[in-house]
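Count residues from 1 along the sequence.
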Amino acid sequence: MSKLGKFFKGGGSSKSRAAPSPQEALARLRETEEMLSKKQEYLENRIQRELSLAKKHGTQNKRAALQALKRKKRFEKQLTQIDGTLSTIEFQREALENSHTNTEVLKNMGMAAKAMKAVHENMDLNKIDDLMQEITEQQDIAQEISEAFSQRVGFGADFDEDELMAELEELEQEELNKKMTNIRLPNVPSSSLPAQPESVPSRMASRSSSAPRTRAASSRRAEEEEDDIKQLAAWAT
């Protein structure tokens, strides 16, 4: 067994040392990540510095340039190791976080199951069935009451609709007769047109000869208007 294995075996054999909590382990891992990140930044700066020295010396001081390149290679190797270590620590931290989350979830689910069991212990299925049946019956009664209130009361159901329609038509006819009586018709002239004077010129004499025709036309219009009035009055009555 290697010395490293003996060291970890001997350190883990102590029963008096309690296992750290997940929070403590996560805190230690984050501290380690932060330390390695700082070391990584330091090595990157050293690599750039050694590269600049190698370029500076070049062919003028070949020995110094080679030493700078050797140191650069050594720093790059350390940087690669740190990259691998950071990847391992990150994987371990994520696994620990998931385990802690799963533990908390399991614990909470167990508590919820116990609480649900305690609640169900005070429940009787027969009582629940009776309660649901009673609720259903009360809902049916409430529905019947609502339907009874919403039905139209049959007031006036014994009246004959034909009689009501006939009465309505009579009322409309009376209203129409009132409107017709209020209509003002033009008055028929009762007097004849004045006679033309005898001392009019010959040009006016020809017009006076047409006066009888005008009076006759007026008489015909008066007779037609009287006939229209008689027909309108007969229709209104």
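Scanning for side-chain hydrogen bond (donor to acceptor under 3.5 Å, both in side chains) contacts around Glu175 gives an empty result, with sequence neighbours left out. Taking the side-chain hydrogen bond (donor to acceptor under 3.5 Å, both in side chains) definition, one finds that Glu170 meets it with nothing, sequence neighbours left out. Contacts of Ala27 classified as side chain to side chain contact (heavy atoms under 4.5 Å, CB included), with partners at least two apart in sequence or in another chain: none. By the side chain to side chain contact (heavy atoms under 4.5 Å, CB included) test, Gln23 is found to be paired with Ser21, His100, residues two or more places apart in sequence or in another chain being considered. Remark: Leu106 pairs with no residue by the side chain to side chain contact (heavy atoms under 4.5 Å, CB included) rule, at least two apart or across chains. Checked against side-chain hydrogen bond (donor to acceptor under 3.5 Å, both in side chains), Gln60 has no partners two or more places apart in sequence or in another chain. Every residue meeting the side chain to side chain contact (heavy atoms under 4.5 Å, CB included) condition with Ile141, not counting sequence neighbours, appears here in chain and number order: Gln138, Ile145.
We find the CD-CG distance between Glu34 and Leu29 to be 13.0 Å, quoted to the nearest 0.5 Å. In this structure, Leu176 CG and Leu171 CG are separated by 12.5 Å, a value rounded to the nearest 0.5 Å. Note: Lys39 NZ to Arg46 CZ = 10.5 Å, rounded to the nearest 0.5 Å. Atom CD of Glu41 sits about 6.0 Å away from atom CG of Asn45, to the nearest 0.5 Å. Summarising the geometry, atom CG belonging to Leu36 is positioned 11.0 Å from atom CG belonging to Leu79; distances are rounded to the nearest 0.5 Å.
Of all heavy-atom pairs spanning Pro22 and Leu96, the tightest one is O-CD2, 4.0 Å. Looking at every heavy atom in both residues, Ala54 comes nearest to Ala68 through N-CB, 3.9 Å.
Here the side chains of Asn177 and Gln173 are in contact, with some heavy-atom distance below 4.5 Å.
Counting non-hydrogen atoms of other residues, nucleotides and ligands closer than 6.0 Å to CZ of Arg28 gives a total of 12 or fewer.
Within the structure, salt bridge (charged side-chain N to carboxylate O under 4.0 Å, His left out) contacts touching residues 106-121 (residues at least two apart or in different chains) are Glu104-Lys107. The stretch residues 57-72 participates, sequence neighbours left out, in these salt bridge (charged side-chain N to carboxylate O under 4.0 Å, His left out) pairs: Glu50-Arg71, Lys72-Glu76.
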Only pairs under 3.5 Å count here: list side-chain donor-acceptor contacts from residues 129-137, not counting sequence neighbours, and write none if there are none.
from	atom 1	to	atom 2	distance (Å)
Thr136	OG1	Met132	O	2.9

Just distance, no hydrogens or angles: give the donor-acceptor pairs under 3.5 Å from side chains in residues 81-93, sequence neighbours left out.
from	atom 1	to	atom 2	distance (Å)
Asp83	OD1	Gln40	NE2	2.2
Thr85	OG1	Gln81	O	2.9
Ser87	OG	Asp83	O	3.0
Thr88	OG1	Gly84	O	3.0
Arg93	NE	Glu33	OE1	2.9
Arg93	NE	Glu33	OE2	3.4
Arg93	NH1	Glu97	OE2	3.3

| request: With side chain to side chain contact (heavy atoms under 4.5 Å, CB included) as the test, would you mind laying out the steps for Gln78 and Arg74 before giving the verdict? | output: CA-CA 6 Å; Gln78 294 180 14; Arg74 188 169 62 249; 4.0 Å; yes
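Through chains of ILVMFWY side-chain contacts below 4.5 Å, Val105 is grouped with Met109.
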